[in-house]
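Below you'll find the structure, written out as structure tokens, and then a few comments.
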Amino acid sequence: RKLGFCSDPHSSSTMADVGTLLIFILTIISVVFCAVKQPSVALPQHRFIPCARLHFAYYVMPMVGVLLLLITQRITFQNVIDALVGDSNVRPYSVIALFFSVSYI
């Protein structure tokens, strides 16, 4: 028996891990697709808005992926908060602030 693996390949934790991995991979594919193709959908015409299109931005797709993980209960809201706030060793918001400050130089 291998350490760290479930003996039953169809156990709920294994299926949950596969679901999480699937959402992660689909999020990456959707980000790349939206960055390359810039897809849009025509909205139904309305008398006040004659022709409207809904554009999918590549930077929205990671948020959709996080929302899917939250909806399917693969992560908790506390996980999201902890990832944004960080701990005493790593502070993600300071890394983002550093990135923005260096990118404008």
Side-chain angles (χ1 to χ4, degrees):
R1 178 178 170 186
K2 295 180 182 178
L3 295 176
F5 293 99
C6 294
S7 60
D8 182 16
H10 300 292
S11 68
S12 62
S13 65
T14 303
M15 296 307 285
D17 294 340
V18 170
T20 303
L21 185 62
L22 185 65
I23 291 172
F24 177 71
I25 290 171
L26 287 175
T27 302
I28 292 172
I29 291 171
S30 65
V31 167
V32 172
F33 179 76
C34 288
V36 172
K37 289 287 191 178
Q38 299 173 352
S40 63
V41 175
L43 297 175
Q45 290 187 351
H46 192 270
R47 65 180 181 193
F48 299 115
I49 305 172
C51 60
R53 298 192 71 78
L54 178 64
H55 298 276
F56 294 102
Y58 68 92
Y59 52 83
V60 175
M61 293 303 142
M63 291 182 272
V64 171
V66 169
L67 285 175
L68 280 173
L69 289 171
L70 283 169
I71 290 170
T72 58
Q73 298 178 351
R74 298 297 108 213
I75 60 173
T76 63
F77 192 71
Q78 188 61 42
N79 293 128
V80 176
I81 297 297
D82 291 343
L84 292 174
V85 174
D87 58 7
S88 61
N89 295 328
V90 177
R91 295 181 308 229
Y93 56 87
S94 64
V95 173
I96 292 172
L98 178 67
F99 173 76
F100 282 137
S101 64
V102 170
S103 68
Y104 286 113
I105 293 179

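Taking CG of L22 as the reference point, atom CG of L68 lies at 10.0 Å (rounded to 0.5 Å). Put simply, CG on L67 and CD1 on I71 are 6.0 Å apart, with the number rounded to the nearest 0.5 Å. The CG atom of D82 sits 11.0 Å away from the CD1 atom of I75 when rounded to the nearest 0.5 Å. How far CD1 of I23 is from CD1 of I28: 12.5 Å, rounded to the nearest 0.5 Å.
Clustering ILVMFWY residues whenever any of their side-chain heavy atoms sit less than 4.5 angstrom apart, transitively, puts L21 in a cluster other than the one holding V18. Tracing side-chain contacts under 4.5 Å through hydrophobic residues (I, L, V, M, F, W, Y), one reaches V31 starting from V41; they form part of the same cluster.
Considering every non-hydrogen atom in both P39 and C34, the closest pair reads CD-CA, 3.7 Å. Of all non-hydrogen atoms in L70 and F77, the two that sit nearest each other are CD2-N, 3.7 Å. When all heavy atoms are compared, the tightest approach of M61 to T27 is O-CG2, 3.7 Å. The two residues V85 and P92 have their closest heavy-atom pair at O-CD, 3.5 Å.
Counting only N and O atoms by type, the side chains of T20 and D17 include no donor and acceptor under 3.5 Å apart.
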| field | Working for side-chain contact (heavy atoms from CB on, under 4.5 Å), residues F24 and L69 | value | CA-CA 9 Å; F24 177 71; L69 289 171; over 6 Å; no
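V36 belongs to a hydrophobic cluster whose other members, connected by ILVMFWY side-chain contacts under 4.5 Å either directly or through intermediates, are V32.
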